[in-house]
Amino acid sequence: MSFRARHLLGIEHLSPQEITTVLDLADRYVDLNRRTVKQSDVLSGMTQINMFFENSTRTQASFELAGKRLGADVMNMSVAQSSVKKGETLIDTAMTLNAMQPDLLVVRHGASGAVNLLASKVNCAVLNAGDGRHEHPTQALLDALTIRRAKGRIQRLTVAICGDIAHSRVARSNLILLGKMENRIRLIAPPTLMPAGVGEFGCELFDDMRAGLEGADVVMMLRLQKERMDGGFIPSEREYYHRYGLDAEKLAVAKPDAIVMHPGPMNRGVEIDGELADDINRSVIQEQVEMGVAVRMACMDLLARNLRAERGRKAVGVMV
Amino acid sequence: MTLHFTNARLINPETGSDAPGTLTVLGGRIQAVNGPRPGGAMEVDCAGQCLAPGIVDWGVKIGEPGERHKESFRSAGLAAAAGGVTTLIARPDTNPPIDTPEMLEFVTRRAAEASPVRIRHMAALTKGRDGHEMTEISFLLDAGAIAFTDGMKVITDTKALSRAFVYAKSLGALVVCHPQEPGLSIGAAATSGKFASLRGLPGVSALAERIGLDRDLGLVEMTGARYHADQITTARSLPALERAKKNGLDVTAGISIHHLTLNELDVGDYRTFFKVTPPLRSEDDRLAMVEAVAEGVIDVISSFHTPADEESKRLPFEEAASGAVGLQTLLPAALRLYHAGQLDLPSLFRALALNPAKRLGLPQGRLAEGAPADLILFNPDTPFVLDRFALLSKSKNTPFDGARMEGKVMATWVGGTQVFAAK
């Protein structure tokens with residue numbers, strides 16, 4: 001087993017071996033989660049704080065459930081409504097929490113790099129639950145696990161990522177992870193939603209969805225944030241749906257066994273056809289949610305092991 | 001008192017010479033270069049180190065009035081003296097801005113009381129720096145304004161800007177603008193490209209600078225104004241600048257030392273001390289700018305010293321304040337270009353001292369008879385590791401913290417009076 005990271009801030013810092021370690025362990029947690037009694041004690045006695053500076057229901061619930069199933073004491077701080085409104089800085093909030101001696105800190109923040117900044121100031125393990133448009137590592141890991149279980153491998157696949165790439169941390173983390181695992185990546189987006197210089201990451205860029213989907217093994221749809229409409233990135237929802245909405249007709253050019261993914265929450269009729277999203281033969285969207293809990297359990301388990309080892313080394317140092 | 005510098009390596013930006021010699025100072029002015037030693041003169045043995053005209057640093061932000069906790073005239077003056085800067089050209093983007101003759105008289109008096117080096121002030125081009133009504137340019141000139149600028153705030157009202165240009169032109173006033181298309185750069189924290197996309201930072205295309213410059217140059221052609229672009233930082237802007245100069249427009253341009261010695265990748269893991277305006281560029285752009293300075297397309301190198309307190313930098317990158325201090329790191333950073341063989345010392349001091357002085361109508365920046373004795377003695381080869389807490393500025397936001405640098409200022413004279421001596 002190899003997993004050396006102290007924090008999980010992004011996929012960028014993980015090696016392919018570390019990614020495989022997380023996925024292998026998560027596979028075992030999937031089995032645990034399917035039992036009636038889902039209790040484990042690997043985090044028992046440890047404190048997990050979920051700090052969400054951006055509102056989130058699904059990710060926060062997934063992290064909370066993951067922590068509880070591993071036996072941690074889980075606390076949710078809804079920072080979006082509290083001290084930040086009173087003018088407290090991110091670092092002060094972090095220092096305050098740090099003084100309460102948590103072991104795992106799960107953070108989501110609206111600014112890219114905010115979680116990195118916070119991790120440099122606290123002495124517990126930090127998990128990035130999404131920072132700005134930078135990274136969302138657990139989402140990429142759960143997507144990888146979903147793909148691996150559906151396709152039997154996470155290498156040498158053609159993966160099409162489609163939608164608002166420019167503002168998506170999910171796209172960035174997936175791009176990095178799938179690249180590290182040696183897959184062929186295609187990005188499909190209107191040019192206004194394609195980030196600059198992304199072609200240099202070694203992926204193919206398409207503004208024609210049919211051309212991009214041709215022969216794909218995996219089709220990953222991204223959520224179109226409603227607020228992007230006001231920014232003038234696309235002319236209208238209906239034109240976007242016409243050109244970039246996934247429906248059975250466009251999917252027909254992908255491989256016959258191609259799977260359809262979406263990180264949720266979905267805008268049915270904007271980026272994906274509702275019927276297709278519910279098609280159990282093609283869509284693995286529900287499975288992604290299930291894998292999410294398992295992957296987060298695996299990540300927290302691994303980080304907690306490293307944390308214990310580190311503290312153990314320190315304690316021994318004091319005695320000598 | 002007469003000073004006679006012997007055994008010096010004289011760096012003369014006017015003649016381009018870098019040669020051993022002597023220099024005599026009398027009554028605050030340079031009396032002779034390579035002249036005989038006058039009787040009763042105090043001898044200063046330079047021990048073969050470089051004697052050069054003091055740096056004229058154009059575009060320094062000082063926190064007075066309004067933000068004295070970040071920088072005062074006293075702390076800026078001390079940092080300047082230690083950094084070899086003998087004339088500070090201060091920006092008017094204070095709080096409130098320097099947009100009336102009364103305010104200008106106040107800061108001029110405060111600066112003269114507190115600072116060991118010369119401080120001259122630019123005044124705002126529009127009232128309140130809000131980009132609409134021009135300031136009292138004539139009164140401000142009488143009160144000693146050396147140039148007119150709204151700082152890094154771009155005036156989007158083209159009509160108002162063209163009127164200000166015409167009016168300034170009739171008075172012979174120099175206008176300094178920040179070339180940038182603000183519609184494109186709004187909210188940007190990095191130069192768009194692979195790095196900004198990887199870090200998830202909102203980016204601005206390097207072309208936004210060219211678009212801004214093209215507009216400004218069009219207005220200069222229309223009005224005949226005397227124009228200086230504060231920072232030209234991308235290769236894409238250079239052809240337009242060269243063309244304007246060739247066509248005889250009264251145009252000059254500057255660049256910050258940070259854009260000459262750092263690139264966008266230095267931001268690394270969201271290091272906010274590397275956040276400057278405009279954002280750091282690609283390595284290709286940096287190299288193109290070094291060449292532009294060597295060829296004289298870019299006239300002026302300055303620090304764009306912008307003090308920021310720790311709180312405003314200890315924030316997520318997008319929210320953090322922009323700007324870096326530079327008074328004490330300007331010379332050692334510029335010497336990186338000398339040590340890399342890209343610029344010789346006279347060329348370096350042409351951009352650091354002579355050109356800004358000439359453009360601003362100051363007698364400084366020269367090693368010539370009759371010029372003010374604003375001099376620095378430095379050893380270009382002394383190595384050191386920069387510790388930001390050893391800087392004399394009140395704010396310590398330097399991107400060079402922990403950097404290995406070469407070049408140490410040994411002593412500084414302003415008008416023949418020594419204002420700094422290295423320990």
**Student:** Between B:K194 and B:E283, does at least one N-O distance fall below 4.0 Å, as a salt bridge requires?
**Tutor:** no
**Student:** Donor-acceptor pair, distance only, cut-off 3.5 Å: does the side chain of B:T261 make one with the backbone of B:I257?
**Tutor:**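 Between the backbone of B:I257 and the side chain of B:T261 there is a qualifying donor-acceptor contact (under 3.5 Å).
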**Student:** Between A:L175 and chain B, which part of the residue has a heavy atom less than 4.5 Å away: side chain, backbone, both or neither?
**Tutor:**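 When you check distances to chain B, no heavy atom of A:L175 falls under 4.5 Å.
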**Student:** What part of A:E135 is in contact with chain B, defined as an atom under 4.5 angstrom from a non-hydrogen atom: side chain, backbone, both or neither?
**Tutor:** neither
**Student:** Quick check against the 3.5 Å criterion: does B:K153 have a side-chain atom that pairs as donor or acceptor with the backbone of B:R129?
**Tutor:**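 Checked: pair present.
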**Student:** Does A:R184 pair with A:E204 as a salt bridge, N-O distance under 4.0 Å?
**Tutor:**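 Answer for the salt bridge query: yes.
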**Student:** Decide whether a cation-pi geometry holds between B:K275 and B:F317; the criteria are a distance under 6.0 Å from NZ or CZ to the six-membered ring centre and an angle within 45° of the ring axis.
**Tutor:**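 Yes, B:K275 and B:F317 form such a contact.
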**Student:** Please list, in residue-number order, every residue in residues 104-120 of chain A that has a heavy atom less than 4.5 Å from any heavy atom of chain B; write 'none' if there are none.
**Tutor:**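 Heavy-atom contacts from residues 104-120 of chain A to chain B are A:H109, A:A111, A:S112, A:G113, A:A114, A:N116, A:L117.
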**Student:** Are B:E209 and B:R281 close enough for a salt bridge, meaning some N to O gap below 4.0 Å?
**Tutor:**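 Looking at B:E209 and B:R281, the cut-off is met.
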**Student:** Is it true that A:R133 and A:E54 make a salt bridge, defined as a side-chain N closer than 4.0 Å to a carboxylate O?
**Tutor:** no
